[in-house]
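Given the structure is predicted, the values throughout are model-derived calculations rather than measurements. Convention: sequence-line order gives letters A, B, ...; per-chain numbering from 1. All values below were derived from every heavy atom in this structure, side-chain atoms included, with hydrogens, water molecules and symmetry-related copies excluded.
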There are 2 protein chains.
Amino acid sequence: MATLASDGIEGFTTRRVAQEAGTSTPAVYELFGDKAGLVREIFFEGFRQLRSQLDQLAPEPDPYRDLEQTVAAFRRFVRENRVLSDLMFGRAFADFGPGPDELKAGASTRKFLIDKIRRCVEAGLIEGDPRDIAHVLLAAAQGLSAQESAGWLGTSQASRDRRWTLAFRALMAGLASGR
Amino acid sequence: MATLASDGIEGFTTRRVAQEAGTSTPAVYELFGDKAGLVREIFFEGFRQLRSQLDQLAPEPDPYRDLEQTVAAFRRFVRENRVLSDLMFGRAFADFGPGPDELKAGASTRKFLIDKIRRCVEAGLIEGDPRDIAHVLLAAAQGLSAQESAGWLGTSQASRDRRWTLAFRALMAGLASGR
DNA sequence: ATCGTTTCGTGACATTGTTACGATACCTTG
DNA sequence: CAAGGTATCGTAACAATGTCACGAAACGAT
């Protein structure tokens, strides 16, 4: 079966989706109304998968390591679902821009982060508004992931790892002492 | 004239480009070979513009403020050239993925950052390999910009500003004390 | 001045998003 | 159980787009 992952975005056409679903093209339009609607569904499915993957993380007693592990899981998700992530966080499909409902999906993921961050704040590891911190942390992870996907973060695995951990440690250390 | 900024990505077609250039479609193919080639040219032009905008920054004696100002200029560029930035840093066009030459263009921008970061390191403000720091700083800025463009960073200007400065300050503070 | 090369315009082809138009299956209601 | 309405689906078509073949024209070199 040809999927997003195997054929990339350019192979993603309504006809092909219909064919591989064993039905005809208008059926897709009957169900999703639009190609954008179809893409939107995949978008939501992506966030469900990410959420499910985060939920399956083994609980970690240390709040710091717990947060670190969550970021690592995010990174893994993006690496293993490159095209899907481009759709979720980038602008892979031209005619699909995130609307209010899509923002909610993103907010759900962020909420997951916020809880873990709150634990770190309550443990005295860092200071600040968990929501702001979640935004910053997620933005950094998203930027690093985008660069890693595009090959901009370095050619060797070692340098990419080094930069990821540097970013996380620096952010956490900087958040330790308020302002 | 219809441009990328006014009509977005969906209006960007080889026929239209040819028409507004006062020529015919195959002329475009003669010049750029491909639509990807045409897009690539815009990609490079984008990095030239970004570089030119960074070069026009008034020199700042304080290395910290200098770096901060550079990041602010990056943010401004992305905000004022939303579609172009999507093309440069995201994956706005499906059939165009960054190759070796494109990576060089990105490296040029990063080099600009590295010099300013080196100044901060030499001034004792932060510690670490300037190249690693540049990667991390650029990734964070790119992630924040992407979220801001998509509307994920918050609805109020104040919260967006707060998160930008939080990210920068936290990163710099965290880089101050090595490891 | 002539020839070869480069550039360019007309027209065509394959693909894609999208929809009109019937046909079919299914579900409700008497 | 049968009839009618509705939702769904397949065939075919249309418009737009990327791309290219095929000459025509322009332009420089000899």
Checklist entry - OP1 or OP2 of dG10(D) sitting under 4.0 Å from any side-chain N/O of Thr23(A)? => result yes

Item to check | Check ion pair Glu148(A)-Arg82(A) (N to O, under 4.0 angstrom) | outcome: no

Item to check | Arg110(B) CZ to Leu113(B) CG distance, which is reported to the nearest 0.5 Å | outcome: 9.0 Å

Next on the checklist: Measure CZ/Phe12(A) against C1'/dT15(C) and give the value in whole Å, please.
Outcome noted: 16 Å

Checklist outcome for this item: The nucleotide from dG18(D), dT11(D), dT19(C) with an atom nearest the side chain of Tyr29(A) is dT19(C)

Next on the checklist: So, does Thr25(A) get its side chain near the phosphate of dT18(C), meaning an N or O under 4.0 Å from OP1 or OP2?
Outcome noted: no

Checklist entry - Could you give the CG-to-P distance, from Asp34(A) to dT18(C), as a whole number of Å? => result 5 Å

Checklist outcome for this item: Rounded to whole Å, CD of Gln19(B) lies from C1' of dT10(C) at a distance of 16 Å

Item to check | Length of the CZ-P vector between Phe32(A) and dT18(C), whole Å | outcome: 13 Å

Item to check | Value in whole Å for how far the P atom of dT19(C) lies from CZ of Arg15(A) | outcome: 13 Å

Checklist entry - Nearest nucleotide by nearest heavy atom, which residue falls closer to the 5' end of DNA chain D, Pro26(B) or Glu30(A)? => result Glu30(A)

Item to check | Near-ring test Phe47(A)/Phe77(A), centroid separation under 6.0 angstrom | outcome: no

Checklist entry - Just checking Thr14(A): base, sugar-phosphate only, or nothing, at a heavy-atom cut-off of under 4.0 Å? => result base

Checklist entry - Quick one: do Arg119(B) and Asp115(B) make a salt bridge, cutoff under 4.0 Å? => result no

Next on the checklist: Applying a 4.0 Å non-hydrogen cut-off, can you work out what Thr13(A) is touching in the nucleic acid: base, sugar-phosphate, or nothing?
Outcome noted: sugar-phosphate

Checklist outcome for this item: Atom CG of Leu38(A) and atom P of dG17(C) are separated, to the nearest Å, by 9 Å

Next on the checklist: Expressed as a whole number of angstroms, how long is the span from Lys35(B):NZ to dT19(D):P?
Outcome noted: 8 Å

